[in-house]
Structures are given as C-alpha cells and as structure tokens.
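Notes follow the structure.
Fair warning: this is a prediction, and the values are worked out from it, not measured in the lab.
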Amino acid sequence: MFVQITKEEFLKEISKKAWYQTNNIIWTIIFIYPLFSIIDFMFANGIWVQFFIIRLITDLVILGLYSLFQRKNYSYRLLLHLTLFILSATSALLCNIVDLQQLNIYYLMFSAIFLFFNLQVFWEPINSVIETLLALVLLGIFFRLFSQYPLDMVISNGGQFFFIIALISCLVPGARYKIIERDVRSQLLIGKSNEQLKDQYRDINEKNNIIDAQYEQLRKLDNQKNSFINIAGHDLKNLIGNIVMSNNMLKEDTYRLSGDQLELIGYISEASEKMQYLLNKLMDVKEIESAEMKFNLEIFDINAEVNHVFRGLVETAQMKNITLINNIAPFAIDVNLDRVFAGQVFQNLLSNSIKFSQTNNNIRVATSLQRQRFVFEIIDEGIPIGQYELDTMFNKLKTLSEASGHVESRLGLGLSIAKLMTQEMGGELSYRSDDNGNYFRVEFQVIN
C-alpha cells in the first residue's frame with residue numbers, strides 16, 4: 001500500500017503544530033511573567049512597583065498581539081519574534097537599572113526566558129540566532145543609556161551567564177524542528193494509511209456481502225439441482241424398470257425368436273443392468289459430491305470389456321459410414337477396477353468420437369500393455385475440436401461451440417464424466433487435437 005503526502009497537506013499540518021506550540025508559549029508567558037514581580041519585591045524592593053507595572057504592560061501588549069494575529073491569521077513566526085523582542089527589551093532594561101548586587105538574578109531571569117523560548121518554540125534555528133543578536137544589541141543600547149557600572153563588572157556579575165545560555169539554547173530549535181517535522185510527516189502517513197485501510201475494509205465488506213449473496217444463490221441453485229436429479233432419477237428408474245420388464249417378457253418366448261433377436265435381447269438386458277447401476281450411483285448426490293466415489297472393484301480382463309464396447313458401437317458407426325478399426329490386443333490384461341464404470345469410460349470416449357466424426361472417416365481403437373499399465377487409445381480422423389475447447393470440454397456442463405458446417409449439438413458432459421470416472425479409479429485420461437483429428441488416451445494400472 002503506497003501512501004503519498006502532498007506539499008500542501010504537509011505545510012497545513014506543520015502550521016497547525018506550530019500554532020499549537022505558539023499557544024503554549026504565549027499563554028505560559030502571560031501567566032508566569034507577572035509573577036516575576038515576586039523576585040522584584042525580594043531583590044529590588046525600592047522599585048518593584050514600577051517593575052510590576054512594566055511587566056503588566058508587557059503582558060497586555062503580548063495578549064493584544066496574540067489576539068490580532070489569531071484573528072487575522074498572520075504568521076506565527078512574526079508573533080514569536082515580536083513577543084521575544086518585547087520580553088528582551090523589558091529584561092534588558094531591568095538588567096541595566098538594578099544595583100550591581102542583583103545583576104546575577106536578573107541576568108539569570110533573562111537567560112531563563114531565552115531558554116524557555118528555545119525549548120518550546122517551533123521554528124528554524126536562524127530565528128533564535130537573530131533574537132539572540134537583538135537581545136545583545138538591546139543590552140548594549142540600554143547599557144550606554146542607563147548603566148552606572150563598567151562593562152567588565154556587568155559581564156562578571158551575570159552577563160557571562162546570559163551570553164553562554166543564550167548561545168547554547170540556539171542549538172535546541174534546530175534539532176527540535178527536525179524531530180517535529182518527522183513526527184508530523186509520520187502522523188500524516190499513519191492518518192492517510194488508516195483512511196486507506198478503512199476504505200479497503202469497506203470494500204472488503206461490500207465484496208463479502210456480494211459473495212454471501214452469491215453463495216446463497218448458489219446454495220439455492222444447488223438445492224434445485226439436487227431436487228432435479230432426484231426427480232429425474234426416479235423417473236428414469238421407472239423407465240428402466242419398464243424396459244427390463246418388457247425385455248423379461250420377451251425372454252419368456254425365446255422359442256419364437258431368431259438367433260439375432262436373442263442376441264439383441266441380451267444386449268438390452270446387459271445395457272439395462274448397467275443403466276440401473278450407473279443411475280443408482282448418480283442418485284446418491286452426497287457420494288458424487290464427496291472427495292471419493294465408492295466403486296465395486298473386481299478383477300477382470302479389460303480387453304474383453306473394450307471388445308464388448310467396440311462390438312456394441314459398430315452398427316452406430318456404420319450408420320454414418322464410419323469404419324471402426326480394431327487394434328485391440330488379442331491377449332488378456334487383468335485389472336482391479338469397477339467393470340461398469342470402466343466400460344462407461346470407453347463407451348463415452350468412443351461414442352463421442354463417432355458422434356463428432358464426419359462420414360467416410362476411420363476411427364482406430366487400440367489397446368496395449370506399456371510398463372505395467374493398460375493403455376486404451378482412440379485415433380479419430382474427425383473434425384479437430386481445438387485446444388481452446390479442449391479445456392472447456394473437461395468441465396462439467398460446458399457446451400462446446402459449433403464446428404463449421406457441423407449440425408450436431410456438442411456437450412462436454414460425456415468426456416467430463418469419463419475423465420472424472422478415470423481419475424476416481426486411479427487412472428489418467430489425456431487428449432490431443434490437431435489438423436489430423438482427435439486423439440484420446442486412457443491408462444490404468446494392471447495386476448502384476
């Protein structure tokens with residue numbers, strides 16, 4: 001999160017901080033400066049009343065200037081310069097009219113005023129240097145006008161204290177100014193960062209509300225989907241039951257049927273049993289949505305199952321003048337899988353190839369044993385599906401775009417279900433599409 005401070009924002013905050021410090025200085029002087037008359041009463045008893053009046057007048061002048069600068073919004077620096085200049089003028093005057101014995105006290109009071117100012121003031125160090133020079137000039141002027149003592153006596157009786165303290169205190173504002181500038185910048189950064197965090201928090205809350213609403217909508221859709229599957233499943237069960245019952249009735253009159261008709265009845269019976277098995281699995285919505293599906297594993301010859309699927313789709317291919325080429329390995333390969341689901345994987349892949357292939361094409365079905373793995377391959381010379389639709393095809397309920405001149409609707413359900421079944425049984429399904437057609441490959445671990 002990047003936070004930036006403009007020059008105007010920084011100067012505005014600096015001005016607020018400077019006025020805050022200025023207020024502290026002015027009101028401290030207004031309340032404390034008249035109390036210096038107590039020291040006047042103790043050490044300059046003869047003229048303490050006059051000193052008290054001078055201090056009161058000084059206070060009133062400073063208060064008037066403060067009110068004017070606040071009302072007119074003048075520079076705080078100018079107000080501080082005028083205030084310190086007035087205090088320096090009165091203090092320099094008092095230092096030059098008191099007796100020699102009290103000089104130390106009044107020079108120390110003058111030094112205390114300078115030290116207080118430089119410890120509290122918020123301005124550049126050059127301003128303190130200027131005020132120190134002005135204070136020395138005022139001391140020099142009032143010394144020439146009012147002092148009765150030689151210069152060396154004045155310096156030895158307190159003048160040296162003021163000079164040292166005033167010069168040393170000029171070093172304080174520089175460090176203080178940098179520290180306060182850094183604090184102001186840090187406070188601005190923290191303030192702006194907090195504002196950005198509040199905005200981001202509001203955005204997150206709004207997005208969370210949107211997500212909650214979408215989640216609720218998806219939950220309702222999921223419930224509707226489950227209800228639809230249950231209703232459709234029960235209806236399909238009834239239809240399959242009717243098929244099974246009708247087929248059983250035909251079996252009772254086998255003496256009237258030819259050999260081909262009996263073979264067809266056998267296909268119907270086997271297909272009905274598979275449909276019932278698959279439907280029972282699909283009806284269990286919780287099982288479908290769980291991390292692992294439960295299969296009825298058994299050891300069987302997977303080449304025999306591929307041959308069975310191949311023979312069942314030969315007539316379907318011939319209806320489109322498509323030639324199925326049998327390159328199925330002539331030996332048994334045993335696997336430990338769910339026979340019905342494995343057969344459904346091959347059925348879905350081969351039926352999709354026939355469905356999407358143009359007439360007068362060849363589709364080659366091959367099986368092999370490679371590194372203790374059974375490999376099932378379909379090499380289809382049909383219309384290439386394309387890499388873009390490849391990713392879409394293996395997502396559930398994704399409709400594929402129509403190929404040029406192709407009129408059959410293309411749903412990714414068959415292939416997505418085949419991939420799901422293959423992965424759930426520990427196998428791998430891969431796909432490739434190029435200008436020569438489409439290629440499917442399924443691998444399963446075999447029994448050693």
Exercise. Phe310 and Ile328: side chain to side chain contact (heavy atoms under 4.5 Å, CB included), yes or no, with the steps?
Worked result: CA-CA 9 Å; Phe310 183 89; Ile328 301 170; 4.1 Å; yes
Problem set entry | Spacing of CD1 belonging to Ile30 relative to OG1 belonging to Thr83, to within rounding of 0.5 Å | 8.5 Å
Exercise. Would you say Thr132's side chain and Leu167's backbone share a donor-acceptor pair under 3.5 angstrom?
Worked result: no
For this session: Could you tell me whether Phe331 atom CZ has more than 12 heavy atoms of other residues or ligands within 6.0 Å of it?
Result: yes
Exercise. Has the side chain of Lys419 got a donor or acceptor atom that lies under 3.5 Å from a matching backbone atom of Leu429?
Worked result: no
For this session: Check the pair Phe69 / Asn73 against side chain to side chain contact (heavy atoms under 4.5 Å, CB included), numbers first and verdict last.
Result: CA-CA 5 Å; Phe69 275 67; Asn73 200 24; over 6 Å; no
Exercise. Between Ser169 and Asn118, is any side-chain donor less than 3.5 angstrom from a side-chain acceptor?
Worked result: yes
Problem set entry | Expected output: side-chain Ser186 to main-chain Arg182 donor-acceptor under 3.5 Å | yes
For this session: Looking only at non-hydrogen atoms, find the nearest pair between Asn24 and Thr28 and report the distance.
Result: O-OG1, 2.5 Å
Exercise. So, for Ala135 and Ser88, which heavy atoms are closest and what is the spacing to 0.1 Å?
Worked result: CB-OG, 4.1 Å
Exercise. Please walk me through it: do Lys207 and Ile204 pass side chain to side chain contact (heavy atoms under 4.5 Å, CB included)?
Worked result: CA-CA 5 Å; Lys207 290 176 181 177; Ile204 291 171; 5.7 Å; no
For this session: Please examine the side chains of Val446 and Leu369, heavy atoms only from C-beta on, and report whether any two atoms are closer than 4.5 Å.
Result: yes
For this session: Work out which heavy atom in Ser128 is nearest to a heavy atom in Pro173; give both atom names and the distance.
Result: OG-CG, 3.2 Å
For this session: Inspect the contact between Glu216 and Arg219 and indicate whether a charged nitrogen and a carboxylate oxygen are less than 4.0 angstrom apart.
Result: yes
Exercise. Once you round to the nearest 0.5 Å, how far does CZ of Phe85 lie from CD1 of Ile130?
Worked result: 13.0 Å
Exercise. Side-chain contact, heavy-atom cut-off 4.5 Å: Glu298 with Asp338?
Worked result: no
Exercise. Is a side-chain donor or acceptor of Ser351 paired with a backbone partner of Asn348 at a separation under 3.5 angstrom?
Worked result: yes
Exercise. Within the side chain of Asn438, is there an N or O that forms a donor-acceptor pair under 3.5 Å with the backbone of Ser433?
Worked result: no
Exercise. Quick one: is the NZ or CZ of Arg441 closer than 6.0 Å to the six-membered ring centre of Phe376, and within 45° of its axis?
Worked result: no
Exercise. Closest heavy-atom contact between Glu305 and Phe300?
Worked result: CB-CE1, 4.2 Å
Exercise. So Phe110 and Phe162, would you call those rings parallel, tilted or perpendicular, with 30° and 60° as cut-offs?
Worked result: parallel
Seminar exercise, completed: CD1 (Ile25) and OH (Tyr66) are apart, to the nearest 0.5 Å, by 11.5 Å
Exercise. Tell me, do Ile379 and Val365 make a side-chain contact under 4.5 Å, heavy atoms counted?
Worked result: no
Exercise. Under 3.5 Å, is there a donor-acceptor pair linking the side chains of Asn209 and Glu206?
Worked result: no
Seminar exercise, completed: Of all heavy-atom pairs linking Ser91 and Ile113, the shortest is OG-CD1, 3.6 Å
Problem set entry | Approximate separation, where rounding is to 0.5 Å, of Gln445 CD and Leu337 CG | 10.0 Å
Problem set entry | Lys192/Glu9 salt bridge by N-O under 4.0 Å criterion | yes
Exercise. Is there a side-chain contact between Ile190 and Gln187 (heavy atoms, below 4.5 Å)?
Worked result: no
For this session: Taking the side chain as every heavy atom from C-beta outward, state whether Val172 and Leu115 have any pair of such atoms under 4.5 Å apart.
Result: no
For this session: Can you run down the salt bridge (charged side-chain N to carboxylate O under 4.0 Å, His left out) pairs that involve residues 360-374, sequence neighbours left out, and say none if there aren't any?
Result: Arg373-Glu443
For this session: Test Phe346 against Ile378 for side chain to side chain contact (heavy atoms under 4.5 Å, CB included), laying out the working first.
Result: CA-CA 9 Å; Phe346 306 140; Ile378 295 177; over 6 Å; no
Exercise. Given the rule in the ring pair (Phe, Tyr, Trp, His ring centres under 6.0 Å) test, do Phe117 and Phe114 qualify, once you have shown the distances and angles that lead to the verdict?
Worked result: CA-CA 5 Å; Phe117 240 86; Phe114 250 85; 7.7 Å; no
For this session: Please examine the side chains of Phe10 and Glu181, heavy atoms only from C-beta on, and report whether any two atoms are closer than 4.5 Å.
Result: yes
For this session: Look at the side chain of Asn127 and the backbone N and O of Glu124, then say whether any donor-acceptor pair between them is shorter than 3.5 Å.
Result: yes
Problem set entry | Validation row: Thr422, Phe444 side chains within 4.5 angstrom (heavy atoms) | yes
Exercise. Around Gln370, counting heavy atoms of other residues, nucleotides and ligands shown, do more than 12 lie under 6.0 Å from its CD?
Worked result: yes
Problem set entry | Gap separating the NZ atom of Lys355 from the CG atom of Leu313, nearest 0.5 angstrom | 13.0 Å
For this session: Measure from the ring center of Phe122 to the ring center of Trp19 and say whether it is less than 6.0 Å.
Result: no
For this session: Check for a donor-acceptor pair, side chain of Arg176 on one end and backbone N or O of Val121 on the other, with a separation under 3.5 Å.
Result: yes
For this session: Keeping the roles fixed (side chain from Asn361, backbone from Ile322), state whether a donor-acceptor pair exists under 3.5 Å.
Result: no
For this session: For Asn321 and Thr359, indicate whether the former's side chain and the latter's backbone hold a donor-acceptor pair under 3.5 Å.
Result: no
Exercise. For Phe116, does the CZ atom sit with more than 12 other heavy atoms under 6.0 Å from it, leaving out its own atoms?
Worked result: yes
For this session: Mark yes or no for whether Lys17, through its side chain, and Ile180, through its backbone, hold a donor-acceptor pair below 3.5 Å.
Result: no
For this session: Kindly compute the distance separating OG1 (Thr22) from CH2 (Trp123), expressed to the nearest 0.5 Å.
Result: 9.0 Å
Exercise. Do Ile39 and Met109 touch side chain to side chain, with heavy atoms closer than 4.5 Å?
Worked result: yes
Exercise. If you take all heavy atoms of Phe440 and Leu349, which pair is closest and at what distance?
Worked result: CD2-CD2, 3.7 Å
